[in-house]
Amino acid sequence: VGSESGIRWEYNWDFGVGSSPSASSSSNNSIKGITYNVAGSKVITLTITDGICSASTTKSVTVNEDPVADFDHSGPKCTGQGVDFSYTGGSTGVSSVWNFDGGVGNSNDLSPKGVIYAYANAGNRTVKLTVTKNSCTDVISKTLIINKTPNVSFVSTSPVCAGSGVNFINTGESASKWSYLWDFGKE
């Protein structure tokens with residue numbers, strides 16, 4: 001009696017070079033979770049046999065290259081100073097989305113330049129870059145330290161007569177973490 005219903009059929013999948021797993025004998029209509037370690041065109045073969053009769057079909061699938069998200073920045077910086085960001089992932093033909101965590105604006109530019117991306121408040125910022133190429137995505141986040149720019153101001157007791165002392169008083173920031181350098185100029 002022949003095997004028309006497929007009860008005794010064996011299914012042999014060959015997923016091609018660089019796949020994990022490389023083969024399967026599953027009779028499922030759907031095979032999920034096959035991964036490839038290298039991009040490119042992959043040849044997939046399915047063979048069905050009952051030990052006497054067999055048939056095979058071969059199809060190609062494209063595995064896209066995974067883009068690499070990475071960047072450098074010119075931090076740490078102080079509040080109000082522009083921060084430069086440079087894409088260093090090395091992938092070409094990618095689109096990008098930056099999130100500057102409280103900086104002024106987002107960017108789709110691979111290497112946005114600083115002045116636009118300044119921070120008004122001190123603290124640690126998490127800058128996130130998402131790159132996409134052919135529907136494959138990679139994301140990286142890095143911490144950027146933004147230090148407080150001190151408020152600098154002073155008052156004096158001038159005008160005074162020549163030979164009299166002038167008093168100067170710092171009216172700006174005063175904290176133990178700051179160092180102060182007074183430059184009284186030259187005559």
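Going from atom CG of D70 over to atom OG of S86 covers 11.0 Å, rounded to the nearest 0.5 Å. The NZ atom of K42 lies 10.0 Å from the OG1 atom of T62; values are rounded to the nearest 0.5 Å. Rounded to the nearest 0.5 Å, atoms NE2 (H73) and OG1 (T143) are 7.5 Å apart. With rounding to the nearest 0.5 angstrom, the SG atom of C136 is 5.0 Å from the CG atom of D66. Once rounded to the nearest 0.5 Å, the distance linking OH of Y11 with CH2 of W9 reads 6.0 Å. We find the CD1-SG distance between I146 and C78 to be 8.0 Å, quoted to the nearest 0.5 Å.
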message = Pair T79, T149 - check side-chain hydrogen bond (donor to acceptor under 3.5 Å, both in side chains), show working.
response = CA-CA 5 Å; T79 53; T149 300; 3.1 Å; yes
request  = Might you work through the side chain to side chain contact (heavy atoms under 4.5 Å, CB included) test for T137 and T130, ending with a clear yes or no?
outcome  = CA-CA 7 Å; T137 299; T130 303; 3.5 Å; yes
inquiry  = Using side chain to side chain contact (heavy atoms under 4.5 Å, CB included), reason through T35 and N37 one step at a time and then give a plain yes or no.
reply    = CA-CA 7 Å; T35 59; N37 58 11; over 6 Å; no
ask   = Could you go step by step and tell me if F85 and L144 meet the side chain to side chain contact (heavy atoms under 4.5 Å, CB included) rule?
value = CA-CA 11 Å; F85 295 89; L144 169 65; 4.1 Å; yes
task = Apply side chain to side chain contact (heavy atoms under 4.5 Å, CB included) to V17 and Y36, showing your working.
result = CA-CA 8 Å; V17 176; Y36 292 88; over 6 Å; no
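Side-chain contact between S135 and N64 is present, with heavy atoms from C-beta onward closer than 4.5 Å. When side chains are defined from C-beta on, D14 does not count as touching S22, because their heavy atoms never get closer than 4.5 Å. Residues K128 and V139 have side chains in contact (heavy-atom distance under 4.5 Å, counting atoms from C-beta outward).
Between T45 and T58, the side chains place a donor N or O and an acceptor N or O closer than 3.5 Å (distance only, hydrogens not considered).
Linking Ile, Leu, Val, Met, Phe, Trp and Tyr residues whenever their side-chain heavy atoms come within less than 4.5 Å places Y180 and F184 in a single cluster. Cluster membership for I140 and V68, using ILVMFWY side-chain heavy atoms within less than 4.5 angstrom, is not shared.
In terms of heavy atoms, Y87 sits closest to V94 at OH-CG2, 4.2 Å. Among all heavy-atom pairs drawn from S141 and T126, the shortest one is CB-CG2, 3.8 Å. When all heavy atoms are compared, the tightest approach of S60 to V43 is OG-CG2, 4.1 Å. Taking all atoms of both residues into account, the shortest heavy-atom contact from I31 to S24 is CD1-OG, 4.4 Å. Between I52 and T49, the shortest heavy-atom distance links the atoms N-OG1, 4.3 Å. Scanning all heavy atoms of the two residues, the minimum distance from A69 to L129 falls at CB-O, 3.9 Å.
With sequence neighbours excluded, the residues forming a salt bridge (Lys or Arg N to Asp or Glu O under 4.0 Å) with K133 are E65, listed by chain and number.
Aromatic rings from Y119 and F100 are positioned such that their centres are separated by 6.0 Å or more. Residues F15 and W13 bring their aromatic ring centres within 6.0 Å.
Taking the ring axis of F71 as reference, the NZ or CZ atom of K142 stays within 45° of it and closer than 6.0 Å to the ring centre.
Although no hydrogens or angles enter the test, the distance criterion places a donor-acceptor pair under 3.5 Å between the side chain of S74 and the main chain of D84.
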Residues 151-165, side-chain donor-acceptor partners within the protein, below 3.5 Å, at least two apart:
{"unit_1": "S153", "atom_1": "OG", "unit_2": "T171", "atom_2": "OG1", "d": "2.8"}
{"unit_1": "S153", "atom_1": "OG", "unit_2": "G172", "atom_2": "N", "d": "3.4"}
{"unit_1": "S156", "atom_1": "OG", "unit_2": "S158", "atom_2": "N", "d": "3.4"}
{"unit_1": "S156", "atom_1": "OG", "unit_2": "S158", "atom_2": "OG", "d": "3.1"}
{"unit_1": "T157", "atom_1": "OG1", "unit_2": "N167", "atom_2": "N", "d": "2.8"}
{"unit_1": "S164", "atom_1": "OG", "unit_2": "C161", "atom_2": "O", "d": "3.3"}

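Residue pairs meeting the salt bridge (Lys or Arg N to Asp or Glu O under 4.0 Å) criterion with at least one member in residues 148-161, sequence neighbours excluded: K148-E173.
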